[in-house]
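I have placed the structure first, in the form of structure tokens, so that the comments after it can refer back to it.
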Amino acid sequence: MSFIKTRCPACQLKLVMPKASGHVRCPKCDHRFTVNGAAPILMSRPVSPPQASVSGGAAATPLAAAPVATAAPLAEPAMPEPTPAPKSSVFRRVLGVVLGAAVFLAVGIGLLMFCLRNSQPRETAEEPVIDVPFGAAGPQSSSSPAGPTASSLQVVLAAAKTQLKPPIAPVKAGPLPGAVKPIALPPRPGVDQAKIDRAIDRGAAYLAKTAPTTGRLGYPALTGLTLLHCGRTADDPIVQSLARVVRQRAPSETLTYDLSLSIMFLDRLGDPKDWPLIQAIALQLIAGQGSMGGWNYTCAKLSPERGKQLLTALQSRQSANVPVRPTGRLYMASGDPNDLPAFQHRPGETLPFKPHGHEDNSNTQFAVLALWAAQKHGIPAEHCLGLVEARFRASQANDGSWSYTWTSPLNRVRPDSMTCAGLIGLAVGRGNVAIANLKDGDPAIENALRFVSRKIGAKGLPPRPRGKLVQADSSSDLYYLWTLERAAVVFDLQTIGGKDWYAWGAPIIVAHQGADGSWNESPSLIADTCFALLFLKRANVAQDLTVRLQHLAISKHIGERSGDLDRQPRPDADPFGRRSSLTASQREAAGYSRGRGD
């Protein structure tokens, strides 16, 4: 097809169209005009000026363009000019670019935050280990049952013996007012003590037969502690084998549950050779205390040099009124001991909520009981235990309960077992004050006991292979029952809210004992069996704390004392002295576990 080129007479737009004559409409200004046919101009050939052509020596007529409406020559290629884009189209393009850049920037920031979040230690909103110290889902320690090599253990223990020598003077806030009588277990209405004793014997036989020496360190420590409370002696071969495991593996342990139970077991065992190891573990626990007075699942290991520095800092603040150092920094294993959270809190002040990591009341109650026992072995723990008391006083709910963590919705996460843990926290705080200040009551303790009394008396469920016993708000009912027992014996209570807690719980526990003598209510038969036996034995892992709290006023309708203790003060008695006139139970209550020489 042939084409011609022309211009619009109105807007001078250059046009290219097929060779023809007729009316044409301008695509730009919509003007109509007439065009006559002209010589063809091919789209594939550029427009060039006329050239002379020679043919047979004669001049040829050049190829001329047909006359058009305008006489102006066309120099550009024969294509129509594009029309300018409207302003609205430009605005849409700019807006699209801006929106695209914003989306790209938002995606980039989101990816950066995701990467930074995953690079930090992940915290769990729920209980990773539940509030039973040895659940199947709990954090695992080293899988090697043998622990560290013998040579490395010798170095650690040798350094501990030389650098962490216990002081001669006692480190308690004050001497105990008097020794304690050997505690007898009086008969109680509705309790078949002979049946309970048979259950205890069968359970202890099961533990002796299956005494664990591998797995988490807390298992052999808890088993040894339970066997000692069930009547096994310190020189029993099974107890000694468990003690060897604890002594070998404890210097490299980091789990809070396992460290705490190791101290309680070794303290109950009563071998003076374990003092340096007890001190080293206790200092590790003190270094692991959080800024809100609680403990996480792990405590970093301390070198002997750092342990010595920490012990010196604790001893320097033992009696002197050292000003509070509000550094606001967290204490690290390699940091300044003066940055300890316990040194940044002024006794009597309300502890503010300062979240920095996971702290829960289940780990905390075990660490608290261990540090209370460590005071008998030269560890000044008054500041740490005072911070614990401040934690529980600041986080108690209006109904007297506590939850699993400070930030958990109150009365929703394990309040039955965690309220008993809170009572232990308040007990150690009151146990380190002057006796004169215990004459008055404590509303926080009474409110907590009132809350605890609600569950006591609930009907037990029928025995079954595995499951809840009393439907307590706790991950394990046997764990809850042991926390209840510990709180009750620490305050020397036979009844709580007018209810006999032992007469209620003991028959339920006995009814759920297995044919082999064990209990199986959670993933761990060993832990369940130990919890059940400690409840049935009414074991007191802090008997000297009970002696100190005998002067604490508690309303009789809230908690009735059992009357097993001698509350008459004896000014001439020095329970911390190694006097041969004291019985084994009296020395234990005064701060010396059985097996320790006079």
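In this chain, numbering begins with 1 at the start of the sequence shown. The structure displayed is predicted, hence computed values, not measured ones. We use all heavy atoms of the structure for the numbers below, so side chains are in, but hydrogens, waters and symmetry mates are not.
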- Could you tell me whether the side chain of Trp519 and the main chain of Ile509 form a donor-acceptor pair under 3.5 Å? yes

- Would you indicate whether the side-chain heavy atoms of Leu423 and Val490 approach each other to under 4.5 Å? no

- Query: Are the side chain of Ser303 and the backbone N or O of Arg306 linked by a donor-acceptor pair below 3.5 Å?
  - Reply: yes

- Applying the side chain to side chain contact (heavy atoms under 4.5 Å, CB included) test to Trp372, which of Val428, Val541, Ile263 qualifies? Val428

- Query: Do the side chain of Asp500 and the main chain of Ala503 share a donor and acceptor less than 3.5 angstrom apart?
  - Reply: yes

- Message: Which heavy atom of Gly460 sits nearest to which heavy atom of Val470, and what is that distance?
- Response: CA-CG1, 4.4 Å

- Do Leu283 and Ile379 come within less than 4.5 Å of each other through their side chains, counting heavy atoms only? yes

- Close side-chain approach of His383 to Leu340, heavy-atom, < 4.5 Å: no

- Is it the case that Arg548 places NZ or CZ above or below the six-membered ring of Phe491, under 6.0 angstrom from the centre and within 45 degrees of the axis? no

- Query: Do any N or O atoms from the side chain of Thr419 and from the backbone of Asp416 form a donor-acceptor pair under 3.5 angstrom?
  - Reply: no

- Message: Would you say that Glu253 contacts Gln284 through its side chain, given a criterion of any heavy-atom pair below 4.5 Å between the two side chains?
- Response: no

- Can the ring centres of Tyr502 and Phe535 be said to be less than 6.0 Å apart? yes

- Check the pair Leu387, Arg391 against side chain to side chain contact (heavy atoms under 4.5 Å, CB included), reporting the backbone distance first and the verdict last. CA-CA 6 Å; Leu387 183 60; Arg391 167 189 176 85; 6.0 Å; no

- Could you verify whether a donor N or O on one side chain and an acceptor N or O on the other, from Ser362 and Tyr479, lie under 3.5 Å apart? yes

- Gly293 versus Val388, closest heavy-atom pair with distance: O-CG2, 3.5 Å

- Query: Is the shortest side-chain N to carboxylate O distance from Arg414 to Asp360 below 4.0 Å?
  - Reply: no

- Message: Looking only at the side chains, is there a donor atom on one of Asn361 and Trp406 sitting less than 3.5 Å from an acceptor on the other?
- Response: no

- Do other residues, nucleotides or ligands put more than 12 heavy atoms under 6.0 Å from Glu446 CD? yes

- Query: Are side-chain N/O atoms of Asn432 and Gln375 paired as donor and acceptor at under 3.5 Å?
  - Reply: yes

- Flag the pair Leu478 / Leu469 as yes when at least one side-chain heavy-atom distance between them is below 4.5 Å, and no otherwise. yes

- Task: Tell me yes or no: between the side chains of Asp399 and Ser401, is some donor less than 3.5 Å from an acceptor?
- Result: yes

- Item | Ion pair check, Arg393 and Asp442, cut-off under 4.0 Å | yes

- Between Ser555 and Ile558, is there a donor-acceptor pair closer than 3.5 Å when you use the side chain of the first and the backbone of the second? no

- Message: Could you check whether Glu521 and Ser476, counting side-chain N and O atoms only, form a donor-acceptor pair closer than 3.5 Å?
- Response: yes

- Do Trp295 side-chain atoms and Leu285 backbone N/O form a donor-acceptor pair below 3.5 Å? yes

- In Å and rounded to the nearest 0.5 Å, what is the CD1 to OG1 distance from Ile200 to Thr226? 11.5 Å

- Query: Between His377 (side chain) and Asp267 (backbone), is there a donor-acceptor pair under 3.5 Å?
  - Reply: no

- Should Tyr297 and Tyr257 count as side-chain neighbours, where that means a heavy-atom distance under 4.5 Å? yes

- Query: Do Ile496 and Arg450 come close enough that some side-chain heavy atom pair is under 4.5 Å?
  - Reply: no

- Message: Within the 4.5 Å heavy-atom criterion, are Leu493 and Glu560 side-chain neighbours or not?
- Response: no

- Is there a donor-acceptor pair under 3.5 Å between the side chain of Asn447 and the backbone N or O of Gly400? no

- Between Val246 and Pro251 the two heavy atoms that sit nearest each other are O-CD, 4.4 Å

- Query: Side chain of Thr405, backbone of Glu359: donor and acceptor closer than 3.5 Å?
  - Reply: no

- Search all heavy atoms of Phe392 against all heavy atoms of Ala421 and return the closest pair with its distance. CZ-O, 4.1 Å

- Query: Which pair of non-hydrogen atoms, one from Leu533 and one from Gly203, has the smallest distance, and what is that distance?
  - Reply: CD1-C, 3.6 Å

- Query: Side chains of Gln365 and Arg486: donor-acceptor distance under 3.5 Å anywhere?
  - Reply: yes

- Message: With rounding to the nearest 0.5 angstrom, report the CH2 to OG1 distance, Trp402 to Thr364.
- Response: 12.5 Å

- Would a distance-only check, ignoring hydrogens and angles, find a side-chain to backbone donor-acceptor pair under 3.5 Å from Lys499 to Gly457? no

- Query: So, for Lys537 and Cys230, which heavy atoms are closest and what is the spacing to 0.1 Å?
  - Reply: CG-SG, 4.0 Å

- Task: For the pair His358 and Tyr404, name the ring-plane relationship: parallel under 30°, tilted 30 to 60°, perpendicular over 60°.
- Result: tilted

